[in-house]
Amino acid sequence: MLRSSSRHVLIGLLLAGMVCETPSLLASPPPRQPEIGARSAPVLTIGGLRFRDLDRDGKLTPYEDWRLSPDRRAADLVARMTLEEKAGAMMHPVMGKPDQITLGHVNSVLSRSSRKPTELAAENNAFQEVAAGTRLGIPVTISTDPRNGFTATFGMSVDAKGFSSWPDALGLAATRDAALVRNFAAIAAREYRAVGFTMALSPQADIASDPRWSRTSGTFGDDPRLVGALAAAYIEGMQGGSRGIAPGGVAAVVKHFAGYGAIKDGWDSHSRYGRFATFPGGRLDQHIAAFRPSFRAKVAGVMPMYSIIDAPGHPPVAAGYDKVLLTDILRRREGFGGLVLSDWSITENCSGICLGEPMTAGSRDGLIGKPWGVEHLTRAERVIATVQAGVDQIGYDASGAAIDATPIVEAVKAGTLPEARVDLAVQRIMRIKFALGLFENPYVDAAQAAQVVGQAPFRAAALAAQQRSLVLLENKGHILPLRPAGKRVFLHGIAAEAARQAGFTVVDRLDDADLAIIRAVTPWQVVHPNYLFGRMQHEGDLDFKPDNADLKAIREASAKVPTIVTVYLERPAILTGVRPLATALIGNFGASDEALLSLVSGRVRPRGKLPMELPSSMAAANAQQPDVPHDSAAPLYRSGYGLTF
């Protein structure tokens, strides 16, 4: 029997548990003090613990209390926000001037800056300084497209300076190693956080089911199971675990839900001519299923694709307006409870060069809008339509009209958009910020950024990944591996100094060479020169035409000496015309000369396997069904193929 004093203690503990977030009769360890970044906001000290006084009221408001859960803090903060502040939080523009924050109540921005790490850190800190001075001191979530690859395309990836250089996502898939992908994402997360990026607009869980598609290089290939597994590994590495965002992690946004790889005729829905995703093979559910491992990994956000799903039961509107996809399937059937962030510019106009027409001098309006299926609506109507469909936050580009959240404010006041829907969206946005620790310290050490980004261990891991990703397709007469010593080599697309470092003697004439090493790239053509993205993206046929410059170099070299050819496979190149000429043939997905020559010389063994099939002809590529993975007739190399020695 408990003594009276003991009963009183127990009752007191129970009563205390009723008001605590995690009731317990056991003694709890003291809370761990996070680092407090206070440059302008005052700091409160309570019981020896420090908190930022973001609203400057001299009291510890619940949303300022890092001991509470992100959910509880988000609910408290949203209850304190004005309707205008909530509407502004639902906008996610490309980073411009800091007055985006003060004038538009914006607290999420996309950085496309390619400055050096120290400059990026200083730029991002400046935005956080402005945010700290707003009424509630809400910090900025700064997002970025991928920055660690070998290539960059506007609106899809960034030509970053100083970041470790890894193979494309296809190359990571060629390793078939989830642990490697997880480690890559963890390293990328450390580089991102070092400069102030806290949201990654990646990975792509799209199935590259059409070999002609121009976004293939950003995917994990055409095997649905491999795509799903590696996307989940990426998220775990980026976010810091499989239970959501961990301290030091970066919020991941998986994209592009769902069926983006099934574009009609292999185009891309950045452009109006590629706006339809078609499913003649009935595989839409397979494309959706590739996202489920990402949901199980507690991904922070999902980005719908630009495309219109041309399939029964779906309205003829882009995915960002498709309530069947976003509400019925994503929310209800799949049970996703995180942030839905639209792709950029879906509410903006499309005219002029966006439609392949001459652009009006001095005007950017309509330059890159992608309002597929809702072109007849006004901008304001599109904003409300995408929110009603299930989007929580809208990506805006710098073109067109200024960032304007008034359509949301006006719709709530008019009763056409429930404020509860707005509150739910903003809670999801704020919950991510709290999980990231931004309310405690949104700043980074600009001087330290250059020491973290691209540090030697990161570069070594990236080089090892490049080497692991190389796929040996042909090795006639077992020419590989070869000893460089005494070998006179003719080069095409390979740096002479890299070859010398590997031990080769470089010559300028084929007549003086013992062998040739040639770099080539997957063929492409400018099929739509009057379209902005049609000019930038690599579209068109995949086979090497007789006048192809790389094929000419291969033909000339192979007529005189054994020729080692490596082809950059950003899409599934058709190598039928190359294979007979190459003594050795290597597929790469973004690899340095050092990585390539280490395989040629046998310092590393080929271990990569093709993450997608390589068709035998354009006729076969054109005849396959766009939604069905690896289904071209008689492929030259099947998905999963790869030799070793």
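This one's a predicted model, so the numbers in the text were calculated from it and none came from an experiment. Quick note: numbers below take in every heavy atom, side chains included, and nothing from hydrogens, waters or symmetry partners.
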Within 6.0 angstrom of R535 CZ, more than 12 heavy atoms from elsewhere |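 Yes.
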
Give a yes or no on whether R225 atom CZ has more than 12 heavy-atom contacts from other residues, nucleotides or ligands under 6.0 Å away.
->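 Incorrect, the count does not exceed 12.
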
Quick one about [Y] and [X] (side-chain donor to acceptor, distance below 3.5 Å, no hydrogens or angles considered), yes or no?
| X | Y | answer |
| --- | --- | --- |
| Q525 | D541 | no |
| T144 | R147 | yes |
| D404 | T406 | yes |
| Q625 | D631 | no |
| S108 | Q393 | yes |
| N588 | T566 | yes |
| D627 | S209 | no |
| W166 | S164 | yes |
| T522 | Y568 | no |
| E570 | T216 | no |

Set of salt bridge (charged side-chain N to carboxylate O under 4.0 Å, His left out) partners for [X], sequence neighbours left out:
| X | value |
| --- | --- |
| D328 | R332 |
| E410 | none |
| D543 | K545 |
| D210 | R212 |

Scan [range] for pairs that pass salt bridge (Lys or Arg N to Asp or Glu O under 4.0 Å), counting only residues two or more places apart or in two chains.
| range | result |
| --- | --- |
| residues 421-435 | D71-R431, K86-D423, D392-R421, D392-R428 |
| residues 235-245 | R182-E236 |
| residues 287-297 | R292-E334 |

Search all heavy atoms of [X] against all heavy atoms of [Y] and return the closest pair with its distance.
| X | Y | value |
| --- | --- | --- |
| V324 | G313 | CG2-O, 3.5 Å |
| D397 | S345 | CB-OG, 3.1 Å |
| F544 | A573 | CE1-CB, 4.5 Å |
| A232 | P293 | CB-O, 3.6 Å |
| T347 | R379 | O-CG, 3.4 Å |
| G274 | I263 | O-CG2, 3.5 Å |

Pairs flagged by side-chain hydrogen bond (donor to acceptor under 3.5 Å, both in side chains) wherever residues 312-325 is involved - sequence neighbours left out |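 Only H314-D322 qualify under side-chain hydrogen bond (donor to acceptor under 3.5 Å, both in side chains).
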
[X] side-chain N/O to [Y] backbone N/O, donor-acceptor pair under 3.5 Å:
| X | Y | answer |
| --- | --- | --- |
| D168 | G171 | no |
| T576 | S616 | yes |
| E191 | A189 | no |
| T219 | A208 | no |
| R571 | E539 | yes |
| Q239 | A252 | yes |
| R607 | G642 | no |
| K255 | L201 | yes |

Report the distance from atom [atom1] of [X] to atom [atom2] of [Y], rounding to the nearest 0.5 Å.
| X | Y | atom1 | atom2 | answer |
| --- | --- | --- | --- | --- |
| C354 | N530 | SG | CG | 12.5 Å |
| H538 | D268 | NE2 | CG | 12.5 Å |
| M90 | I408 | CE | CD1 | 4.0 Å |
| L473 | L643 | CG | CG | 7.0 Å |
| S269 | I346 | OG | CD1 | 11.5 Å |
| H256 | M305 | NE2 | CE | 10.0 Å |

Output all residues satisfying side-chain hydrogen bond (donor to acceptor under 3.5 Å, both in side chains) with N183, sequence neighbours left out; order by chain, then residue number.
->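 side-chain hydrogen bond (donor to acceptor under 3.5 Å, both in side chains) list for N183, sorted by chain: empty.
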
In the structure I gave you, are the side-chain heavy atoms of [X] and [Y] within less than 4.5 Å of one another anywhere?
| X | Y | answer |
| --- | --- | --- |
| S307 | W372 | no |
| T141 | F197 | no |
| K370 | R272 | no |

Aromatic ring proximity, centroids under 6.0 angstrom, Y306 and H270 =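 That pair passes the under 6.0 Å test.
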
Centroid-to-centroid, Y273 to Y531, below 6.0 Å?
->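 Centroid distance Y273-Y531: below 6.0 Å, so yes.
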
Hey, does the Lys NZ or Arg CZ of R176 hover above the aromatic six-ring of F220, less than 6.0 Å from the centre and inside 45° of the axis?
->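 No, a cation-pi geometry is absent between R176 and F220.
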
Would L610 and F589 satisfy side-chain contact (heavy atoms from CB on, under 4.5 Å), going step by step from the backbone distance to the final call?
-> CA-CA 10 Å; L610 281 177; F589 309 92; 4.3 Å; yes

Taking only residues two or more places apart in sequence, or in another chain, which ones meet P224 in a side-chain contact (heavy atoms from CB on, under 4.5 Å)?
->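 Partners of P224 by the side-chain contact (heavy atoms from CB on, under 4.5 Å) criterion, ordered by chain and then number, come out as I207, Q286, P629.
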
Can you tell me which residue pairs pass the ring-ring contact (aromatic ring centres under 6.0 Å, His included) test with a partner in residues 327-348, sequence neighbours excluded?
->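 Pairs touching residues 327-348 that pass the test: H92-W344, F295-F336.
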
Partners of W213 by ring-ring contact (aromatic ring centres under 6.0 Å, His included), sequence neighbours excluded?
->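 ring-ring contact (aromatic ring centres under 6.0 Å, His included) check on W213 returns Y260.
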
Kindly determine whether R468 and D177 satisfy salt bridge (charged side-chain N to carboxylate O under 4.0 Å, His left out), including the steps that lead there.
-> CA-CA 10 Å; R468 283 280 306 277; D177 187 339; 3.3 Å; yes

Per the side chain to side chain contact (heavy atoms under 4.5 Å, CB included) rule, which among I394, N107, V109 passes with M91?
->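 With M91 as partner, I394, N107, V109 yield a single side chain to side chain contact (heavy atoms under 4.5 Å, CB included), made by I394.
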
Apply the test salt bridge (charged side-chain N to carboxylate O under 4.0 Å, His left out) to residues R638 and D222: give CA-CA distance (whole Å), side-chain angles for both, the deciding distance (0.1 Å), then the verdict.
-> CA-CA 11 Å; R638 295 190 179 278; D222 67 6; over 6 Å; no

